[in-house]
Amino acid sequence: MADLSLAEIEALISQHPDFPKPGILFRDVFPVLRNPHAFKSMMNHILKHIREVCCQGDNKIDVVVGLDARGFLFAPLLALELGAAFVPIRKKGKLPGETCSLSYSLEYGTAEFEVQNESIRAGQRVIVVDDLLATGGTMSAGCQLVQKTGGTLVEAIVIIELLGLKGADQVTSLAPVFSLFKY
């Protein structure tokens, strides 16, 4: 069966006005995940992009990082298809063993990300994956943490980017941004 087009996949993304608070239009990717054909098609579109843009010549992706928590829905699947390692970046206190951490600012305070030591080696080619790019704080922190471990950032990949919040402005100095859907 042929992959669905991006337009057909995007039609499944639902909208929820005033969620999680008044004035916010929440874009929900979960209906895509409930449709196996649409989910597979979406992942194939992302893989096609990665193979065409990030894996030119002998270059390959060594590590696919997923950001806590929705990045974990997509990054392991991409890693398997690319023959790469999957590495989670989690909120502080969620990973066992020794970790490398980074504090970052959010609109409402601060947060801290961690990655297990030795999970990303110096020079490994890394893509960072999450579901959403809004203000860019989370993705920027994930990319900075990859750099702190010595990984080489190839690209930041998201399913949905909210253009009006200009999150890519915080990330593009660290890595190119690829967004499947832009609003």
Side-chain angles (χ1 to χ4, degrees), residues 1-13 27 29-90 113 115-116 119-134 136-163 167-183:
M1 186 179 323
D3 283 340
L4 296 178
S5 69
L6 287 174
E8 291 170 313
I9 298 165
E10 187 174 22
L12 295 173
I13 296 174
R27 309 266 182 183
V29 72
F30 283 148
V32 176
L33 278 61
R34 289 192 297 262
N35 179 321
H37 184 58
F39 190 12
K40 176 94 171 134
S41 296
M42 183 175 74
M43 298 308 292
N44 285 341
H45 284 287
I46 296 169
L47 284 162
K48 181 177 187 274
H49 165 80
I50 293 169
R51 288 180 175 128
E52 289 176 356
V53 175
C54 303
C55 298
Q56 297 175 0
D58 290 337
N59 292 324
K60 69 179 194 84
I61 299 301
D62 300 304
V63 177
V64 179
V65 165
L67 298 182
D68 198 339
R70 289 188 177 190
F72 299 168
L73 299 172
F74 310 105
L77 299 174
L78 294 171
L80 282 172
E81 288 294 323
L82 295 168
F86 164 68
V87 171
I89 288 184
R90 303 235 29 212
F113 264 160
V115 64
Q116 290 174 313
S119 60
I120 300 171
R121 293 186 311 279
Q124 284 188 305
R125 293 173 42 84
V126 181
I127 57 175
V128 181
V129 179
D130 205 1
D131 69 321
L132 178 72
L133 180 61
T138 301
M139 180 59 80
S140 176
C143 289
Q144 289 175 56
L145 191 51
V146 167
Q147 288 180 326
K148 191 174 177 180
T149 67
T152 301
L153 278 168
V154 176
E155 195 166 54
I157 297 175
V158 295
I159 307 301
I160 296 171
E161 179 181 354
L162 303 177
L163 295 171
D169 292 351
Q170 286 196 51
V171 181
T172 54
S173 64
L174 303 167
V177 175
F178 173 74
S179 309
L180 204 55
F181 304 108
K182 297 178 182 187
Y183 298 99

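Distance check: L133 CG to I157 CD1 gives 12.5 Å after rounding to the nearest 0.5 Å. Taking CD of E155 as the reference point, atom CD1 of I61 lies at 8.0 Å (rounded to 0.5 Å). Taking CZ from F74 and CZ from F39, the interatomic distance works out to 5.5 Å, rounded to the nearest 0.5 Å. Here CE of M43 is found 5.0 Å from CG of L77. Values are rounded to the nearest 0.5 Å. Atoms CD1 and CG, on I127 and L82 in that order, are 6.0 Å from each other to the nearest 0.5 Å.
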Walk me through it: do D131 and L73 pass the test side-chain contact (heavy atoms from CB on, under 4.5 Å)? CA-CA 8 Å; D131 69 321; L73 299 172; over 6 Å; no

side-chain contact (heavy atoms from CB on, under 4.5 Å) between I159 and I46: does it pass, once the steps are laid out? CA-CA 9 Å; I159 307 301; I46 296 169; 3.4 Å; yes

Check against side-chain contact (heavy atoms from CB on, under 4.5 Å), I160 and V158: CA-CA 6 Å; I160 296 171; V158 295; over 6 Å; no

Apply the test side-chain contact (heavy atoms from CB on, under 4.5 Å) to residues M42 and L33: give CA-CA distance (whole Å), side-chain angles for both, the deciding distance (0.1 Å), then the verdict. CA-CA 9 Å; M42 183 175 74; L33 278 61; 4.2 Å; yes

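Between D68 and I89 there is no side-chain heavy-atom pair separated by less than 4.5 Å.
Considering all non-hydrogen atoms of both residues, D130 and R70 come closest at OD1-C, 4.1 Å. Shortest non-hydrogen contact noted between G151 and I120 is CA-CG2, 3.8 Å. Between F72 and P88 the shortest heavy-atom distance is CE2-CB, 3.6 Å. When all heavy atoms are compared, the tightest approach of A84 to V64 is CB-CG2, 4.1 Å. Heavy-atom minimum distance, A75 versus F86: CB-CE1, 3.6 Å. Annotation for L67 and G142: closest pair CD2-CA, 3.9 Å, computed over non-hydrogen atoms.
For L174, the side chain to side chain contact (heavy atoms under 4.5 Å, CB included) partners two or more places apart in sequence, or in a different chain, are S140, C143, Q144, Q147, L153. By the ring-ring contact (aromatic ring centres under 6.0 Å, His included) test, F113 is found to be paired with Y104, residues two or more places apart in sequence or in another chain being considered. For the side chain to side chain contact (heavy atoms under 4.5 Å, CB included) test, residues two or more places apart in sequence or in another chain that qualify with A134 are L132, L162, L165.
Other residues, nucleotides and ligands contribute over 12 non-hydrogen atoms within 6.0 Å of the CZ atom of R51.
Under the salt bridge (Lys or Arg N to Asp or Glu O under 4.0 Å) criterion, the residue pairs touching residues 34-48 are K48-E52, with sequence neighbours excluded. Among pairs with a residue in residues 73-83, none fulfils side-chain hydrogen bond (donor to acceptor under 3.5 Å, both in side chains), at least two apart in sequence or across chains.
Although no hydrogens or angles enter the test, the distance criterion places a donor-acceptor pair under 3.5 Å between the side chain of R125 and the main chain of K60. Using a distance-only test at 3.5 Å, with no hydrogens or angles considered, no donor-acceptor pair links the side chain of H49 to the main chain of C54.
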Show every donor-acceptor pair shorter than 3.5 Å between a side-chain atom in residues 175-183 and any protein atom, with sequence neighbours excluded, or say none if there are none.
residue: S179; atom: OG; partner: E161; partner atom: OE1; Å: 2.5
residue: Y183; atom: OH; partner: E10; partner atom: OE2; Å: 2.9

